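Here, residue 1 is the first one in the sequence, and each next residue gets the next number. Just so it is clear, the model here is predicted, and its values are computed rather than measured.
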Amino acid sequence: MQMDKEDGRKLSRQEQHERRKQAVRLHRRGMPIKEVAASLGVAEGTVRSAVKSADAGGLKALAPQPTGRSLGQQRCLSANQELHIQRLICKNRPEQLKLEFALWTRAAQLRRGAVNDEVELEKSMAACA
């Protein structure tokens, strides 16, 4: 029984969770990993990973975890500095701020020094990336 594999990244987090639980249940009922993967349309590694996690921490271990950075982590500007820059951008045109370009990109701002002049920011772009 060959099914096309579906890209799990396109599924919602809840659908991914349900699929992992289903894989673990099927495997615990005695179905080989290869057959579980084929019947669910996922990679064998996905099934192995789900089974390993469930063996270590139960089905609760399969629950979706938060991803990405937490809010505010690795910011270069404080909230007040961000608000100040946003207001400058909204109230002024680039030529009013003596900028030679019209694009409001972070790279352009840092390169030309407008942000640095306004908030006395002395961090490099690499530190902010």
Practice task
Quick one: do Q22 and E18 satisfy side-chain hydrogen bond (donor to acceptor under 3.5 Å, both in side chains)? Show the steps, please.
Solution key: CA-CA 6 Å; Q22 188 176 13; E18 292 301 321; over 6 Å; no
Problem - V47 vs L26 side-chain heavy atoms within contact, under 4.5 Å - result: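 No, every pair of side-chain atoms sits at 4.5 Å or beyond.
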Practice task
Could you name each residue pair satisfying salt bridge (charged side-chain N to carboxylate O under 4.0 Å, His left out) that touches residues 26-37, not counting sequence neighbours?
Solution key: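 Only R28-D55 qualify under salt bridge (charged side-chain N to carboxylate O under 4.0 Å, His left out).
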Please give me the minimum heavy-atom distance between [X] and [Y], naming the atom from each residue.
| X | Y | answer |
| --- | --- | --- |
| V36 | H27 | CG2-N, 4.0 Å |
| L62 | S53 | CD2-CB, 3.9 Å |
| M31 | S39 | SD-OG, 4.2 Å |
| Q16 | L11 | NE2-O, 3.5 Å |

Practice task
Go through the side-chain N and O atoms of E82 and Q86 and say whether any donor and acceptor fall under 3.5 Å apart.
Solution key: no
Exercise for the section: State which residues pass side-chain contact (heavy atoms from CB on, under 4.5 Å) with S78; sequence neighbours excluded, sorted by chain then number. Expected result: N80, Q81
Exercise for the section: Ignoring hydrogens and angles, tell me if any N or O in the side chain of R13 forms a donor-acceptor pair with the backbone of A63 under 3.5 Å. Expected result: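 Not confirmed, R13 side chain does not pair with A63 backbone.
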Handout entry: Connected via hydrophobic side-chain network under 4.5 Å: L83 and L88
Key =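 No, no single cluster joins them.
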Handout entry: Inter-residue atom distance N92.CG - R87.CZ, 0.5 Å rounding
Key =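 Answer rounded to 0.5 Å: 13.0 Å.
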